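The block underneath contains the structure these notes are about, expressed in structure tokens.
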Amino acid sequence: MSRTVRTEVDLQRRQRQGTLRVCTAVVFRQRVAELGLEQAYAATDVVVAADASFIDQGCLLLGLGPTDPPIRIREAQVDGVAALAGAGPGELLLPIAAGGAQVLANLLAGRRVSLAATGDATALQPRPELHTSLDLDRIGVARLSLHRAISENGVVAVSSAEGLIRSPYGPLLGPFGNALFSCGGAGSIGLTMPGLAGLGPGSPVLVAGGMGVVLGAGSGHQPRPRRQASGHARTPGAVAAVSVDLADLDLRWLRASHFEGQGSALLVALAAPVPLLSEAVARRAAAPNEQLEAPVLDLSIPRRIKPSFGGVPYAQLLAGRVQVSGRSLRCAPAHSIRLAAEIGEELVQRLQEGRFPLRLPLQPLTERAALLPLDP
């Protein structure tokens with residue numbers, strides 16, 4: 001085993017010199033298969049991992065400038081989508097799942113969106129209502145916050161019920177007619193970087209082409225899930241929330257979607273660098289799909305704890321057939337393999353050209369679990 005240990009300073013110096021050796025997680029696994037772990041590690045400084053999954057836990061923040069006469073917005077609709085107001089005179093929050101995804105797509109496409117707002121008339125803010133239109137150039141602050149942007153692992157969704165179940169991952173046919181899986185397996189951020197160990201508040205992440213930052217632990221954060229001996233999570237595990245300016249986003253890596261019976265969501269491509277500081281880190285990053293697994297959950301049961309059928313290897317999922325309780329089910333990805341690959345290659349290029357910062361988090365994600373049951 002190699003005793004070579006790298007530091008953040010070593011990698012930053014290589015990046016400044018233009019000699020940083022970067023590749024995607026897919027290429028790194030190929031190198032390990034051909035050369036062995038020690039040689040592959042010696043030839044690679046940073047691995048890039050990427051995801052492109054559907055996210056509905058998030059919001060769009062629009063900070064609007066003053067009007068004349070001023071208005072303190074109390075209720076508002078943007079393109080017919082109800083916005084939350086009251087945080088400030090002109091600050092609006094649009095939940096992604098309630099239509100904010102479509103508003104975002106329209107803004108990024110250069111379209112104007114309608115704004116209808118009412119306020120409580122006061123001596124200093126006497127305007128009672130406002131009707132106008134907006135585009136990105138007329139919005140002072142526009143940020144996308146994704147509360148569940150990066151998860152360590154995903155799930156495999158199935159249904160034991162008769163007929164069609166409309167799930168957050170897509171339509172499920174039952175009993176046990178198909179399966180949908182939400183994570184790309186080897187090469188995804190969480191299964192390349194167990195525990196999301198290289199991410200923390202302030203960590204840079206490439207979000208749909210824009211420079212995003214990790215805010216901290218995200219919705220449903222579970223830092224101590226069941227793990228394999230290798231350290232990889234058997235369940236969704238740790239979660240990171242991210243934020244990014246709308247002006248930096250690229251529609252090539254972002255899609256507004258609607259799931260019947262569930263609401264809106266965003267298909268967002270994200271990529272993160274995984275510095276190979278030691279051979280142990282490299283070994284975890286090189287784990288193949290045959291060794292990684294996702295839990296199979298029965299989504300037809302409307303309870304907080306879903307029946308589980310154990311774990312299945314990603315090699316089966318990616319091959320299109322999975323064995324669940326003795327049944328052979330067709331399966332499909334509830335994510336985009338293509339968009340994840342594309343944004344991963346984009347981050348490789350930016351790192352090599354010094355156009356993306358390479359730094360370790362000042363502090364890790366919290367060890368406090370965020371998935372706390374809400375009982376009556």
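In what follows, residues are counted from 1 in the order of the sequence shown. Quick caveat, the model's predicted, so the values are computed rather than measured.
- In this structure, R6 contributes its side chain and P275 its backbone to no donor-acceptor pair below 3.5 Å.
- Side-chain atoms of N289 come within 3.5 Å of backbone atoms of A186 as a donor-acceptor pair (strictly under, hydrogens ignored).
- The backbone N or O of G310 lies less than 3.5 Å from a partner atom in the side chain of S308, making a donor-acceptor pair.
- Taking every heavy atom of both residues into account, R29 and G187 meet most closely at NH1-N, 3.5 Å.
- When all heavy atoms of P361 and S203 are compared, the closest pair comes out as CB-OG, 3.5 Å.
- Under 4.0 Å is where a charged nitrogen must lie from a carboxylate oxygen, and between R234 and E293 at least one such pair does.
- Residues V32 and P288 have side chains not in contact (no heavy-atom distance under 4.5 Å, counting atoms from C-beta outward).
- At least one donor-acceptor pair under 3.5 Å links the side chain of E152 to the backbone N or O of G195.
- We find the CG-CG distance between D45 and L351 to be 10.5 Å, quoted to the nearest 0.5 Å.
- If you take CG on L317 and CZ on R321, they are separated by 13.0 Å, rounding to the nearest 0.5 Å.
- Side-chain heavy atoms closer than 4.5 Å link hydrophobic residues (I, L, V, M, F, W, Y) into clusters, and following such links, even through other members, never connects L191 to V27.
- With salt bridges taken as basic N to acidic carboxylate O contacts below 4.0 Å, none links R252 and E346.
- Between atom OH of residue Y169 and atom NE2 of residue H335 there is a gap of 11.5 Å, rounded to the nearest 0.5 Å.
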**Request:** With side chain to side chain contact (heavy atoms under 4.5 Å, CB included) as the test, would you mind laying out the steps for Q291 and S230 before giving the verdict?
**Result:** CA-CA 9 Å; Q291 296 178 14; S230 60; 5.8 Å; no
**Prompt:** Should S160 and F176 be marked as a side chain to side chain contact (heavy atoms under 4.5 Å, CB included) after you check the CA-CA gap, both sets of side-chain angles, and the distance that decides it?
**Reply:** CA-CA 5 Å; S160 63; F176 301 104; 3.6 Å; yes
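- No donor-acceptor pair under 3.5 Å is formed between the side chain of E290 and the backbone N or O of A315.
- With hydrophobic clusters built from ILVMFWY side chains whose heavy atoms lie under 4.5 angstrom apart, V47 does not share a cluster with L206.
- Distance check, rounded to the nearest 0.5 Å: OG of S145 to CG of L61 gives 7.0 Å.
- Nearest heavy-atom pair across R284 and H232 is O-NE2, 3.0 Å.
- When all heavy atoms of Q228 and L292 are compared, the pair lying nearest together is OE1-CA, 3.9 Å.
- Using a distance-only test at 3.5 Å, with no hydrogens or angles considered, no donor-acceptor pair links the side chain of D120 to the main chain of Q125.
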**Request:** Apply side chain to side chain contact (heavy atoms under 4.5 Å, CB included) to L277 and L360, showing your working.
**Result:** CA-CA 11 Å; L277 301 180; L360 299 180; 3.7 Å; yes
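- Each of N178, V158, I165 was compared with L173 under the side-chain contact (heavy atoms from CB on, under 4.5 Å) criterion, and only N178 meets it.
- Between the side chain of H221 and the backbone N or O of T366 there is at least one donor-acceptor pair closer than 3.5 Å.
- Between the side chain of Q316 and the backbone N or O of Q323, at least one donor-acceptor pair lies under 3.5 Å.
- Side-chain contact between P236 and R148 is present, with heavy atoms from C-beta onward closer than 4.5 Å.
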**Request:** Start with the C-alpha distance between V312 and F181, add both sets of side-chain angles, then the distance that settles side chain to side chain contact (heavy atoms under 4.5 Å, CB included), and finish with yes or no.
**Result:** CA-CA 11 Å; V312 294; F181 60 102; over 6 Å; no
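- The hydrophobic clustering, which links ILVMFWY residues whose side-chain heavy atoms are closer than 4.5 Å, places L11 and M193 apart.
- For the residue pair E34/Q30, the side-chain donor-acceptor check at 3.5 Å is not satisfied.
- Under a hydrophobic clustering in which Ile, Leu, Val, Met, Phe, Trp and Tyr are joined whenever their side-chain heavy atoms come within less than 4.5 Å, directly or via other members, L146 and V213 fall into different clusters.
- No more than 12 heavy atoms of other residues, nucleotides or ligands shown are found within 6.0 angstrom of CZ on R330.
- For the atom pair CD1 of I73 and OG1 of T67, the computed distance is 7.5 Å after rounding to the nearest 0.5 Å.
- Taking hydrophobic clusters as Ile, Leu, Val, Met, Phe, Trp and Tyr residues chained together by side-chain heavy-atom distances below 4.5 Å, L180 does not share a cluster with L267.
- In this model, no donor atom of one side chain and acceptor atom of the other lie less than 3.5 Å apart for R72 and T122.
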Under 3.5 Å, which donor-acceptor pairs do the side chains of residues 98-116 form with other protein atoms, sequence neighbours left out?
residue: Q102; atom: OE1; partner: S264; partner atom: OG; Å: 2.8
residue: Q102; atom: NE2; partner: S257; partner atom: O; Å: 3.3
residue: N106; atom: OD1; partner: R111; partner atom: NH1; Å: 2.8
residue: N106; atom: ND2; partner: D79; partner atom: OD2; Å: 3.3
residue: N106; atom: ND2; partner: Q102; partner atom: O; Å: 3.4
residue: R112; atom: NE; partner: S133; partner atom: OG; Å: 3.1
residue: R112; atom: NH1; partner: D135; partner atom: OD2; Å: 2.8
residue: R112; atom: NH2; partner: S133; partner atom: OG; Å: 3.1
residue: S114; atom: OG; partner: D79; partner atom: N; Å: 3.4
residue: S114; atom: OG; partner: D79; partner atom: OD1; Å: 3.4

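- In this structure, M211 and R350 have side chains that are not in contact, with every pair of non-hydrogen atoms separated by 4.5 Å or more.
- Side-chain atoms of T44 do not come within 3.5 Å of backbone N or O of V46 as any donor-acceptor pair.
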